[in-house]
Each structure stands twice: as structure tokens, then as C-alpha cells.
Amino acid sequence: MTEFDPDKFEEKYRHYFEELETAYSNAYQNLHGQYDSEVLRAIDRQVLSESEPVYQGDGEFSIALPDDVDARAASLPGSEETFETVLAAFTANIESELRRIFEFET
């Protein structure tokens with residue numbers, strides 16, 4: 001696993017690109033089969049591809065979504081409720097994967 005340095009996370013794409021890519025990919029795989037794959041893929045490509053992982057401190061991460069997430073959601077398949085459910089599960093999985101990868105969880 002990767003040793004985490006909060007100061008390096010400021011330049012996360014330079015220092016932790018592979019770990020971030022792995023977290024997003026693992027989160028996608030964790031949800032595959034649980035939700036409609038078309039909705040999952042659309043959220044991954046249209047919303048989360050432009051999201052920003054943020055280190056909150058104390059081993060906690062959050063995912064900052066693009067400002068125009070509502071406009072993006074309108075063009076995606078499925079209902080608004082489905083979108084909100086899948087997006088919440090996806091971001092929670094990414095946050096969990098980041099905690100695991102950076103060894104804040106066992």
C-alpha cells in the first residue's frame with residue numbers, strides 16, 4: 001500500500017495518480033451488478049470523471065462534484081431518484097476505497 005502524506009495530496013495527481021485511478025476503478029467494480037450498468041457508466045463518465053477527491057483530515061475523504069452536476073444528471077439515463085442513489089453509492093465507495101488504499105482502514 002501507499003504511505004499517505006496530507007501535504008502531497010495537495011498535488012494529488014502528481015503524487016497519487018495511480019492510487020486515485022485504482023480507487024475510482026475499484027468503486028466502479030464494487031457497484032457493477034448492483035445497479036443498472038448504463039446508469040453507472042454514465043455517472044462515471046459524465047459526472048465523476050470531473051470530480052475531485054478531497055482529503056478532509058483524520059483519514060476522511062470526500063468527493064467534490066462538478067458545479068453543473070444537475071445539468072449533467074438531466075442528460076443521463078434513468079430517473080432523478082436512480083441518479084441520486086447511484087451517485088451517493090458511487091461516491092461513498094470511492095471514499096471508502098481511498099481510506100483503504102491509504103491504510104486508514106484495515
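Values below: all heavy atoms of this structure, side chains included; hydrogens, waters and symmetry mates excluded.
The closest side-chain heavy-atom distance from Val39 to Phe90 is not below 4.5 Å. With contacts defined as side-chain heavy-atom distances shorter than 4.5 Å, the pair His15/Asp5 does not qualify. At a threshold of 4.5 Å between non-hydrogen side-chain atoms, the residues Tyr16 and Leu98 do not count as touching. Phe9 places a side-chain heavy atom less than 4.5 Å from the side chain of Leu20. For the pair Leu65/Leu48, a side-chain contact is recorded, criterion being any heavy-atom separation below 4.5 Å from C-beta on.
Here OG of Ser96 is found 10.0 Å from CG of Asn26. Values are rounded to the nearest 0.5 Å. Atom CG of residue Asn93 and atom OH of residue Tyr24 lie 12.0 Å apart, to the nearest 0.5 angstrom. The structure places CD of Glu19 at 13.0 Å from NZ of Lys12, a figure rounded to the nearest 0.5 Å. Here Leu87 contributes atom CG and Thr82 contributes atom OG1; the two are 12.0 Å apart, rounded to the nearest 0.5 Å.
Of all heavy-atom pairs spanning Pro66 and Val47, the tightest one is CG-O, 3.5 Å. Summarising the geometry of Ser62 relative to Gln56, their closest heavy-atom pair is OG-NE2, 2.5 Å, with the distance given to 0.1 Å. Of all heavy-atom pairs between Asn30 and Glu97, the closest is ND2-OE2, 3.3 Å.
Around atom CD of Glu81, no more than 12 heavy atoms belonging to other residues, nucleotides or ligands sit under 6.0 Å away. Heavy atoms from other residues, nucleotides or ligands lying under 6.0 Å from OH of Tyr13 number more than 12.
With sequence neighbours left out, Ala92 forms a side chain to side chain contact (heavy atoms under 4.5 Å, CB included) with no residue at all.
Counting only distance, with no hydrogens or angles, the side chain of Arg72 and the backbone of Gln46 share a donor-acceptor pair below 3.5 Å. Counting only distance, with no hydrogens or angles, the side chain of Tyr55 and the backbone of Asp7 share no donor-acceptor pair below 3.5 Å. A donor-acceptor contact shorter than 3.5 Å is absent between the side chain of Asp44 and the backbone of Leu40.
Contacts classified as side chain to side chain donor-acceptor pair (under 3.5 Å) and involving residues 32-42 (residues at least two apart or in different chains) are not found.
A single hydrophobic cluster is not seen to contain both Phe4 and Val54; linkage of ILVMFWY side chains at heavy-atom distances under 4.5 Å, directly or through other members, places them apart.
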